[in-house]
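A quick write-up on the structure given underneath.
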There are 2 protein chains.
Amino acid sequence: MTSDEQSTGIAHIADLDRLIHEPARLMILAVLYVVESADFGFLMNQTGLTYGNLSSHMSKLEEGGYIEVVKQFKGKRPNTMLSLTDAGRAAFQDYRQTLLDLLSDLPD
Amino acid sequence: MTSDEQSTGIAHIADLDRLIHEPARLMILAVLYVVESADFGFLMNQTGLTYGNLSSHMSKLEEGGYIEVVKQFKGKRPNTMLSLTDAGRAAFQDYRQTLLDLLSDLPD
DNA sequence: TAAATCGCTTTGTATCGCAAAGTATTTTGT
DNA sequence: ACAAAATACTTTGCGATACAAAGCGATTTA
């Protein structure tokens with residue numbers, strides 16, 4: 001164990017995945033984590049995000065390889081479906097465990 | 001219950017206290033939450049932050065009224081002590097509960 | 001007494017999130 | 001048939017933020 005990496009202690013919180021840590025994206029991933037697949041409008045309802053914000057966060061999660069985005073037509077209108085990738089699921093689980101470890105083991 | 005505030009659902013994650021949410025400050029507050037009082041050097045060790053980063057985050061937490069900073073001389077050298085205010089403790093507890101509610105109630 | 005160390009603060013830059021504006025198509029009046 | 005409104009997003013612009021690096025004043029060591 002070197003000086004800057006320790007299994008116990010809280011310094012590893014600094015390494016929290018920033019792509020997940022942003023509240024808007026945390027919400028998106030939390031929804032996708034349980035429903036497996038959701039369309040753009042459903043996610044807007046669940047998260048309270050605007051079109052613009054959901055769109056840009058969606059792009060970042062896609063670029064990071066955490067979600068897959070499938071665009072199709074539902075009738076005559078465009079429809080965007082999102083789902084977690086395996087990498088996204090793994091990263092979310094890791095993020096979740098790190099935070100739970102910190103927050104659970106506190107007094108009061 | 002109006003359309004943009006719901007007691008169940010995850011949209012309230014968007015309101016997470018940003019002053020606490022930043023990993024560097026989350027670490028600082030987590031330490032102060034359990035030790036009540038800590039000096040600058042101890043916090044550097046615990047968090048792995050540099051002087052500059054710890055200094056600026058300390059200032060923001062102080063401006064937000066979450067910590068109290070007391071500067072004194074220990075022998076001939078300056079020494080900076082940090083401690084949580086009541087407001088800081090309350091805000092941290094609220095932040096913690098919000099995140100635990102989200103992260104605890106997930107399957108897998 | 002010069003150099004290094006301590007204990008920080010301030011500055012500069014690069015990134016990021018959000019709101020607002022823009023795009024393309026479809027549906028709904030009239 | 002034509003205009004206006006709605007749907008379903010994407011792109012742009014800007015203000016705020018975080019981090020690294022440079023700076024600073026004092027003290028200790030060689």
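Note that the structure is a prediction, hence the values are computed from the model and not measured. Order of the sequence lines sets the chain letters (A, B, ...), proteins ahead of strands, with each chain counted from 1.
Annotation: of the two residues near DNA chain C, A:Glu22 and B:Met58, the 5′-most nearest-nucleotide partner is B:Met58. Between A:Ala14 and A:Phe40, the residue anchored closer to the 5' end of DNA chain D is A:Phe40, taking for each the nucleotide with the nearest heavy atom. DNA chain C is contacted by both A:Phe73 and A:Ala24; A:Ala24 maps to the nucleotide lying nearer its 5′ end (nearest heavy atom per residue).
Within the 3.5 Å criterion, the main-chain N or O of A:Leu106 finds a donor-acceptor partner in the side chain of B:Arg96. With hydrogens and angles disregarded, no donor-acceptor distance shorter than 3.5 Å links the side chain of B:Ser55 to the backbone of B:Tyr51. Between the side chain of A:Ser56 and the main chain of A:Asn53, a donor-acceptor pair closer than 3.5 Å is present. A side-chain donor-acceptor contact under 3.5 Å links B:Thr85 to the backbone of B:Gly65. Distance alone, capped at 3.5 Å, places no donor-acceptor pair between the B:Thr47 side chain and the B:Ile28 backbone.
Between A:Met44 atom CE and D:dC9 atom C1' the separation is 9 Å, expressed in whole Å. Here D:dA20 presents its P atom at 9 Å from NE2 of B:His57, a figure rounded to the nearest Å. Straight-line distance from the CG atom of A:Leu49 to the C1' atom of D:dC9: 14 Å, rounded to whole Å. Atom CG of B:Leu19 is separated from atom P of D:dA18 by 9 Å (rounded to the nearest Å). Atom P of nucleotide D:dT17 and atom NE2 of A:His21 are separated by 15 Å, given to the nearest angstrom. Between the CD atom of A:Glu62 and the C1' atom of D:dT10 there is a distance of 13 Å, given to the nearest Å. In this structure, the CG atom of B:Asp17 is 12 Å from the P atom of D:dT17, given to the nearest Å. If you measure from atom CG of A:Asn53 to atom C1' of D:dA8, you get 15 Å, rounded to the nearest angstrom.
Across all strands shown, A:Tyr51 has heavy atoms under 4.0 Å from base atoms, whether or not it also approaches the sugar-phosphate. Residue B:Lys71 is in sugar-phosphate contact alone, with no base atom involved, counting any heavy-atom pair closer than 4.0 Å across all strands shown.
Between A:Arg18 and D:dC19 there is a side-chain polar atom (N or O) within less than 4.0 angstrom of OP1 or OP2. Considering only side-chain N and O atoms, B:Lys60 lies under 4.0 angstrom from the phosphate OP1 or OP2 of D:dA18.
Listed by first then second residue, pairs satisfying ring-ring contact (aromatic ring centres under 6.0 Å, His included) with a partner in residues 56-108 of chain B read B:His21-B:Tyr95, B:Tyr33-B:Phe92, not counting sequence neighbours.
Considering only residues two or more places apart in sequence or on other chains, B:Glu63 meets the salt bridge (Lys or Arg N to Asp or Glu O under 4.0 Å) condition with none of them.
Note that the first and last nucleotides of DNA chain C, 5' to 3', having any atom under 4.0 angstrom from a heavy atom of chain A are C:dC16 to C:dT27.
The side chain of A:Thr80 approaches D:dC9 more closely than any other nucleotide in the set D:dC19, D:dC9, D:dT28.
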